[in-house]
Amino acid sequence: FALAEPACEPYLRAAPYCQICRCDHMDGLLYPAKRIPPLVKSDIEQGKAAQNVPSSKVDPLLKSSMETTSASLSSDFKQKVVNILLKYSSGLWANALPKLYQDIYQLKFPEGVLNNLELLSDVCTVDHISDNPKKAILYAKPQRYLDENLNVPEKVQMHDDVKATAEQQYEESKEQYPESLTVPPLVTPAEGSLSVLVVELNNTNEVIIRYVGKDYSSAQEQMEDEMKEYYSQNPTVSLVQSVSVGQIVAVRVEEDAWLRAQITSVEDNRIKVCYVDYGFSEVIEKNYVYKLGKQFYSLPFQAAKCKLAGLEFFCDDPVLVKTVELQTCSKIFAVEILEKSDIPLLVLYDTSGEEDININATCRKALYDKSLELHLQVDAIYTNVRVTSVSSDGSLYCQVPSKGLSRLSEILQKLEDYFHYKTSEFNVSLPFCGKICLFPYKGKWARVEITIVHSSRALDVQFMDTGTVASVKVSELREIPSQFLREVIAIPPQAIKCCLADLPLNTGMWTPDAVLWLRDTVLNCSDFSMKVTKLDGSKGTAHVYLFTPENFPDVDHSINRQIINADLWKHQKDVFLSVTSGGTSSTKVTSETVSALELTSLGPEKSFTDSVKPALERSGAVPTIDMPPPLPLSKLGEPMDVYISVACHPGRFVVQPWQELHNLEVLMEEMMLYYSMAEERPVNIEKNKLYAAKVENKWYRVIIKGILTNGLLSIYELDYGKHELVSMKKVQPLVDAFRKLPFQAIIAQLAGVKNQQWSEEASVVFRNRVEKKPLVALIQAVNESTNSWDRKIVTYLVDTALPDTDIWIHDFVSQDLVEFSKVN
């Protein structure tokens with residue numbers, strides 16, 4: 001079935017369990033893994049056979065060309081391809097092969113091979129999925145075929161003793177001429193929790209780093225310990241007599257430590273070397289340079305170069321380079337790899353504090369034009385102030401007339417004129433946190449900074465000059481043209497974060513009535529006066545009094561005093577919901593409860609997904625559909641591809657139908673875009689009713705399971721099977737457009753094992769075995785319920801990841817976990 005690209009991304013790491021084929025830039029195909037349960041295998045194999053392109057359909061001229069050209073592919077190239085395919089037992093998409101080949105071997109993939117995949121048919125099976133020759137899955141052939149096909153054409157067979165003699169001579173030659181040895185290239189780490197040590201930099205496009213981890217820094221430390229032992233126990237190891245530029249050597253440094261180095265220049269007895277595992281250079285005497293033992297050639301050089309994302313255009317700016325150097329050198333950072341190449345593109349994060357700091361974005365501030373910065377003064381009064389945004393905690397953002405604001409208006413007008421005919425040329429192709437882009441806002445362009453990337457289609461941004469936070473589509477963002485980039489980046493953000501003075505701090509979320517009152521009062525007026533009473537540098541917040549023109553400078557009639565007198569800003573006990581003895585919920589909020597959502601004028605109508613907005617307009621915000629239809633299940637005993645979203649123990653886990661995951665991803669993105677544009681309103685909350693709830697920056701379809709007296713709600717995520725606690729301020733009505741897709745979470749129990757009390761240790765082992773993995777389910781029984789989310793199935797689970805063996809999870813549980821539980 002067809003999948004949009006963002007839905008595929010979370011499951012790419014499930015390659016051993018499924019096959020994912022990206023047919024072009026936007027869509028792909030997902031198939032179950034090649035190894036499947038015996039009862040379904042024949043059907044799938046017949047389907048695959050039908051999809052294969054018959055050899056009879058290959059044009060004779062093309063076939064002749066293939067046969068001729070195949071001989072020109074070296075056996076070394078084919079062996080490298082085989083080495084890659086052996087790592088992907090469930091197959092590899094042909095389009096992915098060139099990039100993998102280049103990343104692993106640092107060699108260019110031969111042109112034309114993708115167009116004639118039959119050139120590889122002697123070492124792999126080519127499984128075509130359409131008439132397009134590039135749309136195919138590649139599988140390594142069994143070893144006996146590889147041994148035959150990878151032999152040289154002459155099929156030279158060496159006698160064992162001759163072969164042994166040749167190998168011995170080769171080893172001796174390596175001892176005598178170590179310069180003939182090569183060091184394997186450094187492979188960029190796979191995605192995951194990565195850290196790097198920044199060594200030094202000449203510019204932001206050539207930052208010297210070292211990867212931190214088991215196969216990197218730890219392996220290097222082990223090698224250096226072995227070098228120290230080797231050279232201390234082998235005093236006969238000779239000095240390098242004849243040195244040459246590019247030679248790899250061992251250098252003795254202080255305290256009998258030994259490092260690998262490469263000679264970069266020679267002058268008499270003084271040699272300049274670069275320490276290849278650290279990235280810095282030094283001039284040393286010749287008597288410190290020794291031959292490098294062959295065993296120390298196996299580890300790739302650990303010093304690598306990288307580029308810092310978002311700073312490429314300014315890479316040589318001396319102020320920026322100095323700032324990056326002070327912020328990063330000799331420090332370890334978490335890293336996000338955006339592009340893997342010879343010089344990868346990275347974002348660095350400092351995770352040592354309570355909040356992660358984006359180092360790239362922090363260093364970019366060094367490019368601000370100091371003359372355009374606005375420095376507020378305590379007790380100063382500012383006029384013609386415009387409030388641009390009000391947050392749910394009562395903080396607000398203001399614009400104050402300044403040189404920077406005038407300059408911003410000028411440059412945005414230039415961009416408006418420039419983009420009049422050229423906007424499509426500047427689509428954002430690589431969004432990342434901290435990146436500054438342009439976004440259409442009320443008919444004009446606005447500067448935004450990406451704060452969260454949810455998927456390849458949707459992300460969160462903060463408007464730099466109004467403070468507003470919103471979820472938008474990637475397709476709506478535009479790159480800043482290079483000729484305007486320095487001017488745009490040089491202007492500091494024009495949104496000043498403020499809070500109203502004389503209101504107690506740390507009150508958390510304001511009541512919806514208070515937030516609405518403040519928004520209605522301040523957002524519709526563009527001519528406030530503002531008095532600064534305090535500057536909090538640690539939080540970057542100014543404490544202010546706000547005055548309307550008719551009330552300035554009467555403090556008693558300031559916005560601050562008005563909201564205090566209205567008694568709306570603070571939490572009150574009677575604003576929380578309580579549960580009566582009868583189990584029904586009630587509320588003591590005196591204002592009329594509003595269940596409809598009002599959309600803000602944040603952006604043009606195009607800001608909403610094309611599919612969801614018309615449905616919302618037709619149905620309105622008041623739900624008319626009570627429940628979505630129940631999720632259809634496969635027949636008893638028939639295989640069903642599933643994804644395990646939650647696993648508590650064999651007696652309770654949650655499965656999602658694999659074929660519906662794309663639809664769920666689309667729904668989640670549409671909910672995020674919709675609710676980020678919706679004004680927060682008080683909601684009449686009732687137990688066992690459907691709502692939308694925000695959990696960690698995403699919106700979920702939930703049912704309220706409990707209402708707590710501290711303002712928290714116990715919710716159940718109907719598509720993922722998780723229980724969460726959220727603030728009632730994070731809950732909104734679930735509109736009709738989001739009630740059509742069946743709830744995706746199915747509560748399940750493992751068949752084939754006795755129902756029992758599972759120990760904590762056994763539960764952890766089971767969870768690690770199945771959670772967040774795609775498996776095959778064979779349902780044995782269905783226990784229906786009045787509520788679709790309470791329906792429960794009893795099912796076998798089968799792991800089909802291995803090429804030759806299917807693992808039935810109940811066998812794994814029976815053999816290991818039951819005994820484990822008895823012991824405990």
Is there a ring-ring contact (aromatic ring centres under 6.0 Å, His included) between Phe738 and Tyr691 once you walk through the steps? CA-CA 10 Å; Phe738 305 137; Tyr691 296 89; over 10 Å; no
Between [atom1] on residue [X] and [atom2] on residue [Y], distance to nearest 0.5 Å:
X: Lys694; Y: Gln732; atom1: NZ; atom2: CD; answer: 10.5 Å
X: Ser475; Y: Leu477; atom1: OG; atom2: CG; answer: 8.0 Å
X: Met668; Y: His454; atom1: CE; atom2: NE2; answer: 10.0 Å
X: Ile809; Y: Leu750; atom1: CD1; atom2: CG; answer: 8.0 Å
X: Ile715; Y: Leu718; atom1: CD1; atom2: CG; answer: 9.0 Å
X: Arg767; Y: His649; atom1: CZ; atom2: NE2; answer: 9.0 Å

Give me the atom names and distance for the closest heavy-atom approach of [X] to [Y].
X: Leu633; Y: Ile793; result: CD1-CG2, 3.9 Å
X: Glu665; Y: Tyr720; result: OE2-OH, 4.4 Å
X: Pro628; Y: Leu741; result: CB-O, 3.5 Å
X: Pro733; Y: Val683; result: CD-CG2, 3.8 Å
X: Leu85; Y: Ala140; result: CB-CB, 3.8 Å
X: Thr795; Y: Ala748; result: CG2-CB, 4.2 Å

Measure the shortest side-chain to side-chain distance between [X] and [Y] over non-hydrogen atoms and say whether it is less than 4.5 angstrom.
X: Val654; Y: Ile644; value: no
X: Lys773; Y: Leu797; value: no
X: Gln744; Y: Pro657; value: yes
X: Phe766; Y: Phe653; value: yes
X: Val646; Y: Glu771; value: yes
X: Asp641; Y: Val776; value: yes
X: Lys722; Y: Tyr700; value: no
X: Ile746; Y: Val642; value: no

Asp719 backbone acceptor or donor facing Gln656 side chain under 3.5 Å: yes
Which label fits Tyr101 and Tyr105: parallel for a plane angle under 30°, tilted from 30 to 60°, or perpendicular past 60°? tilted
Residues Asp122 and Lys78 bridged, charged N to O under 4.0 Å: yes
